[in-house]
Amino acid sequence: MADIRFDGKVAIVTGAGGGLGRQHALELGRRGAKVVVNDLGAALDGSGGSSAAADQVVAEIKAAGGEAIADGGSVADDAGAANLIKRALDGFGRIDVLIANAGILRDKSFGKMEVADFEAVVDVHLMGTVKPLRAAWGVMREQQYGRVVVTTSSTGLYGNFGQANYGAAKLSLVGLMNTLRIEGERDNIRVNAICPVAATRMTEHVLPPAMAERLKPEYVTPGVVYLASEDAPNGVILTAAAGAFAVARLYETEGAYLGEGGLSAEEVRDNWSRIADPEGQQAYAAGQEQLQTFLRKVMGV
Ligand code: NAI
């Protein structure tokens with residue numbers, strides 16, 4: 001099969017001044033994409049900012065013979081997101097790929113977490129994906145082409161102590177993907193999620209050094225580049241770490257129809273092993289499919 005190339009295509013990578021996003025931007029640039037490198041240049045908790053980090057990555061892409069422009073705005077900000085999309089269109093005339101990667105952390109156990117720390121994290125991860133994507137969506141529809149990669153996390157899929165805000169924000173991106181996957185299909189827009197683990201400033205206090213050495217951010221990037229390519233799947237959660245890749249899915253058990261007469265909480269309790277039995281469980285491709293399963297159980301249709 002031919003190499004994956006992005007010649008003539010324009011890619012935006014948010015939060016690309018360092019860590020994972022920088023690697024995604026460099027690789028897309030190497031493969032021929034014109035890259036818009038966004039990064040607010042913020043501290044890990046989202047405070048502060050400067051366009052120096054984005055400028056540096058643009059210089060690296062150019063030094064390798066690629067084309068790139070920098071954007072130092074915040075993706076969580078209405079004006080910042082709108083400017084980012086305008087900059088891409090003014091600079092390069094189209095938007096083929098959006099990698100929504102920008103992120104912050106405000107870890108604390110839930111009992112100690114201020115609501116403001118919850119909102120800040122949801123703002124950057126969820127709204128910082130929604131705002132640029134909403135602004136790019138019409139462009140992608142008009143082009144009849146778009147590849148979108150959102151960045152989720154094992155904390156969103158499975159939970160991690162001290163990260164209720166981050167987990168809620170990260171799983172919300174899977175919810176966003178699930179519907180946009182369906183809505184984008186007719187306009188050749190595909191939306192996927194990457195679920196990475198990598199040694200970056202975000203993980204430097206949790207990964208032992210020997211493990212960090214194996215978890216280079218550039219080992220995640222090939223998965224992201226595939227999800228951003230013409231042949232990308234649609235609606236997939238690709239997990240990636242240290243060169244290992246897998247797909248994560250939500251499953252629903254076949255469950256049990258308890259009938260309408262005398263239905264009670266005790267019946268739910270007493271049938272729990274049937275309700276939760278993994279035998280025959282399946283991953284649905286749309287909410288409608290779950291409804292079909294209910295109807296089949298109840299009405300035999
Ligand atoms: P990082 O902290 O090196 O990169 C995040 C970048 O986003 C920073 O350069 C920061 O300046 C930028 N940023 C923050 N707020 C922004 C805003 N409002 N507008 C524009 N840029 C902003 O961290 P890392 O590890 O590279 O994270 C990249 C993404 O991957 C994040 O979404 C993170 O949640 C996710 N992730 C990372 C994991 C890991 O193991 N490193 C695990 C799971 C998910």
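All ligand and atom numbering here is 1-based and tracks the order in the structure.
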Passing candidate, side chain to side chain donor-acceptor pair (under 3.5 Å) with Lys131, options Asp78, Asp77, Asp123, Thr14: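 Output: one option passes, namely Asp78.
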
Here's a test for you: under side chain to side chain donor-acceptor pair (under 3.5 Å), which of Gln290, Gln282, Gln281 qualifies with Glu252?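 One option only clears the test, and that one is Gln290.
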
Residue and atom name of the nearest protein heavy atom (relative to [atom]), distance in Å to one decimal:
atom	result
atom 40 (O) of ligand 1	Ala198 N, 2.9 Å
atom 35 (C) of ligand 1	Thr151 CG2, 3.5 Å
atom 5 (C) of ligand 1	Gly103 O, 3.7 Å
atom 44 (C) of ligand 1	Tyr166 OH, 3.2 Å
atom 9 (O) of ligand 1	Asp39 OD2, 2.6 Å
atom 6 (C) of ligand 1	Gly15 O, 3.5 Å
atom 37 (C) of ligand 1	Leu20 CD1, 3.8 Å
atom 22 (C) of ligand 1	Ala102 CB, 3.6 Å

If you count the atoms of ligand 1 from 1 in the order shown, which ones are under 4.0 Å from a heavy atom of [X]?
X	value
Gly73	19 (N), 20 (C)
Thr152	43 (C), 44 (C)
Thr203	39 (C), 40 (O), 41 (N)
Gly41	11 (O)
Gly19	3 (O), 26 (O)

Minimum distance, heavy atoms only, to [atom]: which one of [options] is it?
atom	options	result
atom 25 (O) of ligand 1	Thr200, Leu215, Asn101	Thr200
atom 38 (C) of ligand 1	Ala43, Pro196, Ala199, Ala16	Pro196
atom 1 (P) of ligand 1	Glu204, Arg201, Gln163	Arg201

Would a distance-only check, ignoring hydrogens and angles, find a side-chain to backbone donor-acceptor pair under 3.5 Å from Asn38 to Gly73?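 Yes, the answer is positive, given that a donor and an acceptor are paired below the 3.5 Å cut-off.
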
Pair Gln163-Thr155, side-chain donor/acceptor within less than 3.5 Å: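 Yes, side-chain donor-acceptor contact under 3.5 Å.
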
For the residue pair Asp45 / Ser47, report whether a side-chain donor-acceptor contact shorter than 3.5 Å exists.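 Yes.
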
Do any N/O atoms on Leu44 end up under 3.5 angstrom from N/O atoms on ligand 1?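 Not met; the criterion fails.
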
Please check whether Val124 reaches ligand 1 - meaning an N/O of the residue sits under 3.5 Å from an N/O of the ligand, judged on distance alone.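 It does not: no N or O of Val124 is found under 3.5 Å from an N or O of ligand 1.
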
What is the minimum heavy-atom distance between Val197 and Leu215, and which atoms define it?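 Closest approach of Val197 to Leu215: O-CD2, 3.9 Å.
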
Heavy-atom closest pair, residues Gly15 and Asn101: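 What the structure gives for the nearest pair is O-ND2, 3.0 Å.
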
Using the rule that two of Ile, Leu, Val, Met, Phe, Trp, Tyr join whenever any of their side-chain heavy atoms come within less than 4.5 Å, decide whether Leu171 and Leu105 are in one cluster.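 In one cluster: no.
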
With respect to Met140, which candidate in Asn188, Val97, Val148 satisfies the side-chain contact (heavy atoms from CB on, under 4.5 Å) definition?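 That would be Val148.
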
Test side-chain contact (heavy atoms from CB on, under 4.5 Å) applied to Val37 and Ile69, Asp71, Val58, the passing residue: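 The single option meeting the side-chain contact (heavy atoms from CB on, under 4.5 Å) with Val37 is Val58.
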
For a salt bridge (Lys or Arg N to Asp or Glu O under 4.0 Å) check, start with the C-alpha distance between Asp96 and Lys9, then their side-chain angles and the critical distance, and finish with the verdict. CA-CA 6 Å; Asp96 300 283; Lys9 292 203 162 65; 5.6 Å; no

Kindly write out the residues that satisfy salt bridge (Lys or Arg N to Asp or Glu O under 4.0 Å) with Glu254, not counting sequence neighbours, or none if the list is empty.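 For Glu254, the residues satisfying salt bridge (Lys or Arg N to Asp or Glu O under 4.0 Å) (neighbours in sequence not counted) are Arg296.
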
So which bit of Asn38 gets within less than 4.0 Å of ligand 1, heavy atoms only: side chain, backbone, both or neither?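 The answer is the side chain.
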
Give the contacting part of Ile104 toward ligand 1: side chain, backbone, both or neither, where contact means a heavy-atom distance below 4.0 Å.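 Ile104 to ligand 1: side-chain contact only, backbone stays beyond 4.0 Å.
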
Cationic tip of Arg147 above Tyr145 ring, under 6.0 Å, 45° of axis: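 Yes - Arg147 lies over the ring of Tyr145, closer than 6.0 Å to its centre and within 45° of its axis.
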
Any heavy atom of His125 sitting closer than 4.0 Å to ligand 1?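 Checking ligand 1 against His125, which is what was asked, there is a heavy-atom contact under 4.0 Å.
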
Of all the heavy atoms in Val75, does at least one lie under 4.0 Å from an atom in ligand 1?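 The answer is yes: ligand 1 sits under 4.0 Å from a heavy atom of Val75.
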
